[in-house]
Trainee: 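Mind having a look at this structure? Questions to follow.
On a predicted model such as this, the values are computed, not experimentally measured, just so you know. Below, each value reflects all heavy atoms present in this structure, side chains not excepted, and no hydrogens, waters or symmetry copies.
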Amino acid sequence: MVDPNNPPAPPAPLPVGVDGPLAAARRTVLREIEALLTQAAEDQAEALVRALFDARRVIVLGVGRSKLAVDAFAMRLMHLGLSVHVATDVTCPAAAPGDLVLACSGSGRTPTVVQRATAAKEAGARVAAVVAVADSPLADLADLVVHLAEYSEDHERDTSAQFVGTLFEQGALVFFDCLVLAVQRTRDIDPDAMYGRHNNLE
């Protein structure tokens, strides 16, 4: 209980210039993500948005942490009103002409992703690739490519301080969320309508 006759002492001022390993890591991660996204090409992002909205259905594809990023994007695309499926879900329909398969792989060489993207292309679907390596099998077979190259916080190419692939996966997630917000604004999509599509069986 607080004694009104003896109020607590005010908090001590925060030290300025004192840092710790978590704060240093936070700055590195945020600066690297900013460096990656700063280099992302606007025309590639716009082409991806057009392809998403032109498609009859969107099927997202990835493995590992790249899959987590593109699956999260699939949820937001559903909120935007698109017909979206995750390739590994048992309810995913066969890819066909008119569909867009969005494949996310940093290396662009993940065997499962490349094989499934190839199968989608052979079935007549368009393929969009989000990759860190533009010169890769996935990028070569794709109809359109979004290149999210890794950079250091000082904008040096391929010199991220983080464990291999981490920056691409972070960057892809944030890039996808930036696309969603841009679409909301440019296409005047009602947030209430988006919320109305949110899962009510959770």
Side-chain angles (χ1 to χ4, degrees), residues 26 29-30 33-34 36-106 110 112-113 116-117 119-121 123-132 138 142-148 165-202:
R26 180 188 68 241
V29 169
L30 293 177
I33 293 172
E34 176 66 17
L36 180 152
L37 294 177
T38 297
Q39 299 295 331
E42 190 81 12
D43 59 338
Q44 293 180 355
E46 291 173 351
L48 177 57
V49 170
R50 286 194 299 271
L52 289 166
F53 278 84
D54 287 344
R56 177 184 60 153
R57 296 177 304 204
V58 177
I59 300 172
V60 304
L61 172 61
V63 298
R65 284 165 44 114
S66 295
K67 173 175 165 48
L68 298 177
V70 79
D71 284 6
F73 187 41
M75 175 189 255
R76 289 291 181 256
L77 292 177
M78 176 274 292
H79 289 148
L80 289 172
L82 276 64
S83 175
V84 190
H85 300 273
V86 175
T88 52
D89 285 354
V90 295
T91 56
C92 181
D99 294 340
L100 177 72
V101 173
L102 174 57
C104 185
S105 167
T110 308
T112 304
V113 176
R116 290 175 174 170
K121 193 79 179 282
R126 295 188 73 202
V127 174
V130 178
V131 295
L138 180 60
D143 297 285
L144 64 97
V145 176
V146 174
H147 186 206
L148 301 180
T166 299
L167 177 58
F168 169 77
E169 295 146 2
Q170 294 165 339
L173 178 64
V174 177
F175 171 78
F176 291 144
D177 280 345
C178 290
L179 280 191
V180 172
L181 182 57
V183 166
Q184 283 183 252
R185 290 173 170 174
T186 58
R187 294 180 178 246
D188 196 26
I189 294 177
D190 184 2
D192 289 337
M194 292 178 65
Y195 187 76
R197 299 184 188 102
H198 188 67
N199 186 356
N200 60 2
L201 302 180
E202 292 180 337

Trainee: My understanding is that only residues two or more places apart in sequence, or in another chain, count here; which of them pass salt bridge (charged side-chain N to carboxylate O under 4.0 Å, His left out) with Asp177?
Mentor: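 With neighbours one apart ignored, the set is empty.
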
Trainee: Quick check: closest heavy atoms across Ser66 and Gly106, and the distance to 0.1 Å?
Mentor: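 Nearest pair, atom of Ser66 first, then Gly106: OG-N, 4.1 Å.
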
Trainee: If a pair satisfies ring pair (Phe, Tyr, Trp, His ring centres under 6.0 Å) and one of its residues is in residues 82-101, list it, with sequence neighbours excluded.
Mentor: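 Those involving residues 82-101 do not exist here.
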
Trainee: For residues Val58 and Phe73, determine if any side-chain heavy atom of one lies less than 4.5 Å from a side-chain heavy atom of the other.
Mentor: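 No - every pair of side-chain heavy atoms lies 4.5 Å or more apart.
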
Trainee: Take Ile59 and Cys92 through the side chain to side chain contact (heavy atoms under 4.5 Å, CB included) test and state the conclusion after the steps.
Mentor: CA-CA 8 Å; Ile59 300 172; Cys92 181; 3.8 Å; yes

Trainee: For the residue pair Ala95 and Ala123, what are the closest heavy atoms and their distance?
Mentor: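 In terms of heavy atoms, the two residues are closest at O-CB, 3.4 Å.
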
Trainee: Evaluate the side-chain proximity of Val130 to Val70: yes if any heavy-atom separation is below 4.5 Å, no if none is.
Mentor: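 The answer is no, as the side chains (C-beta and beyond) never meet within the 4.5 Å cut-off.
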
Trainee: Are any of the side-chain heavy atoms of Leu80 and Arg187 separated by less than 4.5 Å?
Mentor: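 No, too far: nothing below the 4.5 Å cut-off.
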
Trainee: Any pair with a residue in residues 73-102 that passes salt bridge (charged side-chain N to carboxylate O under 4.0 Å, His left out), sequence neighbours left out, goes on the list, sorted by first then second residue, please.
Mentor: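 Residue pairs passing salt bridge (charged side-chain N to carboxylate O under 4.0 Å, His left out), neighbours aside: Arg56-Asp99, Arg57-Asp99.
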
Trainee: With a 4.5 Å heavy-atom cut-off, do Leu181 and Arg185 have their side chains touching?
Mentor: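 They are in side-chain contact.
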
Trainee: Applying side-chain contact (heavy atoms from CB on, under 4.5 Å), can you list everything that pairs with Leu167, at least two apart in sequence or on another chain?
Mentor: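 Counting only residues at least two positions away or on another chain, Leu167 forms a side-chain contact (heavy atoms from CB on, under 4.5 Å) with Glu32, Ile33, Leu36, Glu150, Ser160, Gln162, Gln170.
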
Trainee: Could you report the tightest heavy-atom contact between Ala128 and Leu48, atom names first, then the distance?
Mentor: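 The pair with the smallest heavy-atom distance is CB-CD1, 3.9 Å.
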
Trainee: Taking distance alone, no hydrogens or angles, what donor-acceptor pairs closer than 3.5 Å link side-chain atoms of residues 191-202 to residues at least two apart or in another chain?
Mentor:
unit_1: Arg197; atom_1: NH1; unit_2: His79; atom_2: O; d: 2.5
unit_1: His198; atom_1: ND1; unit_2: His79; atom_2: NE2; d: 3.0
unit_1: Asn199; atom_1: OD1; unit_2: Leu201; atom_2: N; d: 2.7

Trainee: With Arg126, which residues qualify under side-chain contact (heavy atoms from CB on, under 4.5 Å), at least two apart?
Mentor: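 Here the qualifying residues are Ala51, Leu100, Asp143, Leu144.
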
Trainee: Mind listing the closest non-hydrogen atom pair of Ala172 and Leu148 along with its distance?
Mentor: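 Looking at all heavy atoms of both residues, the shortest contact is CA-CD1, 3.8 Å.
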
Trainee: Ala117 and Val127: which non-hydrogen atoms are nearest, and at how many Å?
Mentor: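 The answer is O-CG2, 3.7 Å.
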
Trainee: Applying side chain to side chain contact (heavy atoms under 4.5 Å, CB included), run through Thr88 and Arg116 and close with a yes or a no.
Mentor: CA-CA 10 Å; Thr88 52; Arg116 290 175 174 170; 3.2 Å; yes

Trainee: Just to verify, what does Phe175 make a ring-ring contact (aromatic ring centres under 6.0 Å, His included) with, not counting sequence neighbours?
Mentor: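 Phe175 satisfies ring-ring contact (aromatic ring centres under 6.0 Å, His included) with no other residue.
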
Trainee: Please enumerate all residues that pass side chain to side chain donor-acceptor pair (under 3.5 Å) together with Asp71, with sequence neighbours excluded.
Mentor: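 By the side chain to side chain donor-acceptor pair (under 3.5 Å) rule, Asp71 matches Lys67.
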
Trainee: Any pair with a residue in residues 46-67 that passes ring pair (Phe, Tyr, Trp, His ring centres under 6.0 Å), sequence neighbours left out, goes on the list, sorted by first then second residue, please.
Mentor: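 Output for this query is empty, none listed.
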
Trainee: Checking Arg50 now: which residues fulfil salt bridge (charged side-chain N to carboxylate O under 4.0 Å, His left out) with it, not counting sequence neighbours?
Mentor: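 Residues passing salt bridge (charged side-chain N to carboxylate O under 4.0 Å, His left out) with Arg50: none at all.
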
Trainee: Mind checking side chain to side chain donor-acceptor pair (under 3.5 Å) for Thr186 and listing every partner two or more places apart, or none if nothing turns up?
Mentor: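 None.
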
Trainee: The criterion is ring-ring contact (aromatic ring centres under 6.0 Å, His included); which residues satisfy it with Phe168, sequence neighbours excluded?
Mentor: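 Result, ring-ring contact (aromatic ring centres under 6.0 Å, His included) vs Phe168: none returned.
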
Trainee: For Thr110 and Ser105, work out which heavy atoms get closest and say how close.
Mentor: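 Shortest heavy-atom contact: OG1-OG, 3.0 Å.
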
